[in-house]
Amino acid sequence: MEPHPVAIITGASQGIGKACAIGISQAGYRPVLVARTESKLRAVANEIEARLTTGEIQKPIVYPLDVTDYAKVQQFVAEIDNQFGRVDLLVNNAGILRRGTLDVSVSDFEQIIKTNLVSPFVLLKELVPLMKKRGKGHIFNIASRGGKTGFAGEGAYDASKFGIVGLSESLYRELAREGISVTAICPGWVNTEMAQQGGATLSGEEMIQPEDILKTIQWVLELAPNTCVREVVIEPTRSIV
Ligand SMILES: NC(=O)c1ccc[n+]([C@@H]2O[C@H](COP(=O)([O-])OP(=O)(O)OC[C@H]3O[C@@H](n4cnc5c(N)ncnc54)[C@H](OP(=O)(O)O)[C@@H]3O)[C@@H](O)[C@H]2O)c1
């Protein structure tokens, strides 16, 4: 029997990553949950395990990790490779939001770029060779609407998200011939702690829900293997009317 596919979800302790981890595990993937806060990751893993009603759902792997610690990211990928010999799906989602443009300190700017752009790059650098070896894989880079349009008062964050959109598009073109599809997802406000603390002007109900990001991923995964979706831009209806 073919072993279960493996899915790595970063930022899986809450918000979008949590919703994706739960949904992806129900699709038969073994989820590898990554974030810094182990207690929150364990709570998500417990929630997934509580749904282990059939043999189809695989026990999650909890892997506490600061994605800005590049040496540990390399060690993490090596361990997953040793244990499973495959990674089928990556949701490159861990990220931070700090508001501001030129009023952001240089060290905060660096921290935003490090977390939202360099860390996903390092993970891709380590994981793509594993996907190439097997000639297949799906990568979802969670960017932002702020990666398509620079908004006033969030230049630092938007710079990081424009960066991940560019990286994603290059890889989309480079990796298609290797059987690996790369999709950037660019949502407006999503109803998570990040939006609640980040000054969103919409109510929770008016925002995109984390499950809508999961559904977008599920939709792309269901398409025929000879299709690639470069980018999905999603806006809360209230943002455009
Ligand atoms: N919410 C929105 O409106 C919105 C809109 C567009 C795009 N996005 C993007 O969607 C992604 C997820 O956002 P969210 O709304 O779900 O935010 P969230 O609720 O704040 O969750 C962020 C996740 O990232 C993890 N994380 C942050 N820094 C990390 C680090 N250094 N190492 C490992 N994990 C780290 C956090 O876990 P720990 O703190 O435990 O490490 C948490 O699991 C982000 O990339 C964000 O930029 C969000």
Side-chain angles (χ1 to χ4, degrees), residues 8-23 31-45 47 60 62-73 76-77 90-99 108 110-123 139-151 154 156-165 167-168 183-214 216-217 231-236 238-239:
I8 293 176
I9 303 108
T10 68
S13 59
Q14 62 185 51
I16 294 170
K18 175 181 173 182
C20 291
I22 292 172
V32 181
L33 313 180
V34 173
R36 291 165 300 186
T37 316
E38 183 167 356
S39 56
K40 287 189 182 178
L41 287 179
R42 295 225 171 268
V44 175
E47 219 175 297
V62 166
Y63 204 107
L65 174 70
D66 182 340
V67 293
T68 63
D69 186 337
Y70 308 140
K72 291 217 171 106
V73 170
F76 159 65
V77 174
L90 167 66
V91 183
N92 221 351
N93 166 75
I96 54 171
L97 168 65
R98 308 248 170 88
R99 300 303 291 265
D108 275 358
E110 284 176 340
Q111 191 59 30
I112 294 166
I113 298 293
K114 210 172 163 184
T115 310
N116 294 357
L117 181 56
V118 187
S119 301
F121 164 79
V122 173
L123 198 48
I139 294 163
F140 294 91
N141 292 315
I142 309 300
S144 171
R145 263 301 271 120
K148 302 300 300 173
T149 299
F151 293 101
E154 58 173 66
Y157 178 80
D158 294 350
S160 71
K161 293 299 186 178
F162 265 75
I164 191 74
V165 168
L167 176 64
S168 204
T183 308
I185 302 186
C186 304
W189 288 117
V190 183
N191 187 15
T192 68
E193 206 174 293
M194 179 180 283
Q196 285 143 18
Q197 293 180 355
T201 48
L202 302 176
S203 70
E205 279 180 5
E206 288 170 332
M207 291 186 223
I208 299 159
Q209 301 305 311
E211 290 71 23
D212 294 318
I213 307 301
L214 164 67
T216 306
I217 290 175
E231 188 174 274
V232 182
V233 179
I234 315 169
E235 307 218 41
R238 278 297 302 274
S239 294

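Both backbone and side-chain heavy atoms feed into the values below; hydrogens, waters and symmetry mates do not. Order of appearance sets the numbers: ligands from 1, and atoms from 1 within every ligand. The chain is numbered in sequence order, starting from 1.
Here's the thing with V190: one of its N/O atoms is less than 3.5 angstrom from an N/O atom of ligand 1. Between S13 and ligand 1, at least one pair of N/O atoms sits closer than 3.5 Å. In terms of polar-atom proximity, S144 is not counted as a contact of ligand 1, lacking any N or O under 3.5 Å from an N or O of the ligand. Of the polar atoms of I16, at least one N or O is found under 3.5 Å from an N or O of ligand 1, judged by distance alone. Ligand 1 has no N or O atom lying under 3.5 Å from any N or O atom of T68, backbone or side chain. Taking any N or O of V67, backbone or side chain, at least one lies under 3.5 Å from an N or O belonging to ligand 1. Checking only distances, N116 never comes within under 3.5 Å of ligand 1, N or O to N or O. In terms of polar-atom proximity, defined here as any N/O pair under 3.5 Å, N93 does make such a contact with ligand 1. Looking at G11 next to ligand 1, an N or O pair under 3.5 Å apart turns up. The shortest N or O to N or O distance between T192 and ligand 1 is under 3.5 Å.
Interface atoms of ligand 1 facing L65, defined by a heavy-atom separation under 4.0 Å, are 32 (N), 33 (C).
Heavy atoms of A143 found under 4.0 angstrom from ligand 1 belong exclusively to the backbone. No part of L41 comes within 4.0 Å of ligand 1, judged by heavy-atom distances.
Nearest to atom 41 (O) of ligand 1 by heavy atom, out of R36, M194, E193, K18, is R36.
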Table please: side-chain donor-acceptor pairs of residues 195-203 below 3.5 Å, with sequence neighbours left out.
unit_1 : atom_1 : unit_2 : atom_2 : d
Q196   : NE2    : N191   : OD1    : 2.9
S203   : OG     : E206   : N      : 3.3
S203   : OG     : E206   : OE1    : 3.4

Show which side-chain atoms of residues 31-41 pair as donor or acceptor with protein atoms under 3.5 Å away, not counting sequence neighbours.
unit_1 : atom_1 : unit_2 : atom_2 : d
E38    : OE2    : R42    : NE     : 3.2
E38    : OE2    : R42    : NH2    : 3.0
K40    : NZ     : Q14    : OE1    : 2.7

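Taking a 4.0 Å cut-off on heavy atoms, D66 registers as neighbouring ligand 1.
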